[in-house]
Amino acid sequence: MDTRTYRNEATRRPGSVFEELFGQDTRVVPKGKILRSEGDESRKRFYVSKGWLAVSKSLQDGDQQILEFILPGETYDPTGADGHTSFVEIEALCDSRIIAIDRTVWARLLREDPDLWEAERLRDIAAQARASERMLRLGKSCAETRIAYVLIELCLRLSACAPAGDCAFHVPLGQQQLGDFIGLSSVHVCRTLRRLSRQGIISTGDHMDIEIHDLAALTDLAGVDLADLRTEIIPGAA
């Protein structure tokens, strides 16, 4: 497919267009596969066609902080300011299908296609907004508020969260990984999820199937207005 056709197609079928353009670079990766480690050479941008990726950093003692989840339809470049070294680790949280796009090719696409450039600009802003919301709660909030916020964020990002009614979605995470994302131990995560479940706000099934029963109560705990948060962290939601 000629890259010049991207501009006409991207907003309608971004996933299929990426696969047509870069299908030869598609990889199926198993759960637990490390795509990049901190310090690795990095000259590719990753597009997630299926599955979830976790972006993290670790201390020398092995303690890990998950910084972001890359969900289907999203891209991520792990390259640092030097232009060739990964500053994070990227791991597949479940069996995933990804496309590795050469950074030089990606830069050319952005120059040639103002629609793609604008879409990625909005995605970058949304990612910064999500990071600021999480950082606020990591520094200033209790366990319930952190978990309530991240459940709402993931629900919105997975397009499962309506203004009213129940919201159900699946996250391919263990309680330890969820804790690594919001700065809590797995014990705190377990206790908080159980407490929210006893209160009738959520329920959790096997392998982290989440159902939100009382969205108003969860947004109160998270300290957010759902409509405002959606426009802040979801590109094109306004």
Side-chain angles (χ1 to χ4, degrees), residues 35-39 42 44-48 51-59 63-83 85-93 96 98 103 106 110 117-161 169 171-173 175-185 188-189 192 208 210 218-219 221-238:
L35 300 174
R36 287 289 183 275
S37 295
E38 292 182 59
S42 178
K44 302 281 189 180
R45 187 179 191 93
F46 295 107
Y47 169 79
V48 180
W52 287 41
L53 305 182
V55 179
S56 67
K57 289 187 74 69
S58 298
L59 296 172
D63 282 347
Q64 181 188 67
Q65 177 69 46
I66 294 179
L67 308 174
E68 183 62 284
F69 298 122
I70 313 304
L71 307 185
E74 298 177 350
T75 70
Y76 189 83
D77 186 348
T79 311
D82 65 2
T85 305
S86 176
F87 66 96
V88 291
E89 179 178 284
I90 300 182
E91 178 184 0
L93 293 174
S96 303
I98 65 166
R103 296 181 73 242
W106 181 257
L110 293 180
W117 183 88
E118 177 65 10
E120 288 302 307
R121 185 185 73 84
L122 293 176
R123 290 189 184 99
D124 287 344
I125 292 172
Q128 292 173 30
R130 293 194 302 267
S132 69
E133 293 287 351
R134 290 193 300 267
M135 182 62 69
L136 172 63
R137 287 161 181 83
L138 279 170
K140 299 296 182 180
S141 296
C142 65
E144 279 192 348
T145 297
R146 296 184 201 183
I147 287 181
Y149 171 78
V150 77
L151 292 180
I152 291 171
E153 178 191 306
L154 292 175
C155 187
L156 287 173
R157 292 175 68 188
L158 291 166
S159 301
C161 200
F169 56 99
V171 292
L173 309 172
Q175 292 181 353
Q176 180 63 57
Q177 291 167 313
L178 183 59
D180 288 343
F181 189 46
I182 53 179
L184 296 172
S185 69
H188 271 87
V189 171
T192 305
M208 292 297 282
I210 306 292
L218 199 64
T219 55
L221 281 174
V224 298
D225 178 276
L226 187 63
D228 289 345
L229 183 65
R230 179 185 285 109
T231 59
E232 179 185 342
I233 70 171
I234 305 299

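As a basis for the values below, the full set of heavy atoms in this structure was taken, side chains included, without hydrogen atoms, waters or symmetry mates. Numbering starts at 1 and runs along the sequence shown.
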Colleague: Among side-chain atoms of E91 and S56, is any donor-acceptor pair under 3.5 angstrom?
Modeller: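 Looking only at side-chain atoms, S56 and E91 do not form any donor-acceptor pair under 3.5 Å.
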Colleague: State whether a side-chain donor-acceptor pair under 3.5 Å links R137 with T145.
Modeller: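 Per modelled atom types, R137 and T145 side chains form no pair under 3.5 Å.
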Colleague: Rounded to the nearest 0.5 Å, how far apart are OG1 of T75 and OH of Y47?
Modeller: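 Between T75 OG1 and Y47 OH, I get 9.0 Å after rounding to 0.5 Å.
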Colleague: Quick one: CZ on R230 to CD on E153, what's the gap to the nearest 0.5 Å?
Modeller: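 Those atoms lie 13.5 Å apart.
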Colleague: Would you tell me whether Q176 and D180 have side-chain atoms, one donor and one acceptor, within less than 3.5 Å of each other?
Modeller: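 Yes - a donor-acceptor pair under 3.5 Å links their side chains.
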Colleague: Is there a side-chain contact between L226 and L156 in this structure, where contact means two heavy atoms from C-beta onward sitting under 4.5 Å apart?
Modeller: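 Yes, their side chains come closer than 4.5 Å.
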Colleague: Do NZ/NE/NH1/NH2 and the carboxylate oxygens of R130 and E133 come within less than 4.0 Å?
Modeller: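 Salt bridge absent between R130 and E133.
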Colleague: So does R157 pair up with E68, basic N to acidic O under 4.0 Å?
Modeller: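 Yes, R157 and E68 are salt-bridged.
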Colleague: Residues in salt bridge (Lys or Arg N to Asp or Glu O under 4.0 Å) with E232, at least two apart?
Modeller: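 Here no residue qualifies.
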Colleague: Show the numbers, then the answer: is there a side-chain contact (heavy atoms from CB on, under 4.5 Å) between V48 and Y76?
Modeller: CA-CA 9 Å; V48 180; Y76 189 83; over 6 Å; no
Colleague: Would you give the length of the straight line joining atom CG of L154 to atom OH of Y149, rounded to the nearest 0.5 angstrom?
Modeller: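 If we round to the nearest 0.5 Å, L154:CG and Y149:OH are 9.0 Å apart.
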Colleague: Quick one: CZ on F69 to CG on L173, what's the gap to the nearest 0.5 Å?
Modeller: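 Between atom CZ of F69 and atom CG of L173 there are 4.5 Å.
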Colleague: Start with the C-alpha gap between V150 and R146, add the side-chain angles, then the distance that decides, and say whether side-chain contact (heavy atoms from CB on, under 4.5 Å) holds.
Modeller: CA-CA 6 Å; V150 77; R146 296 184 201 183; over 6 Å; no
Colleague: To the closest 0.5 Å, what do you measure between CG (L71) and CH2 (W52)?
Modeller: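 So the CG of L71 and the CH2 of W52 are separated by 5.0 Å.
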Colleague: Name the one of R36, R103, K44 that satisfies salt bridge (Lys or Arg N to Asp or Glu O under 4.0 Å) with D77?
Modeller: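 For D77, the salt bridge (Lys or Arg N to Asp or Glu O under 4.0 Å) test succeeds with only one of R36, R103, K44, which is R103.
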Colleague: Can you tell me how far apart CD1 (I233) and CD1 (I152) are? Round to the nearest 0.5 Å.
Modeller: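 I233 atom CD1 to I152 atom CD1 measures 9.0 Å (nearest 0.5 Å).
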Colleague: K57 and side chain to side chain donor-acceptor pair (under 3.5 Å): which partner among E38, E89, Q64?
Modeller: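 Going through the options one by one, the only one that passes is E38.
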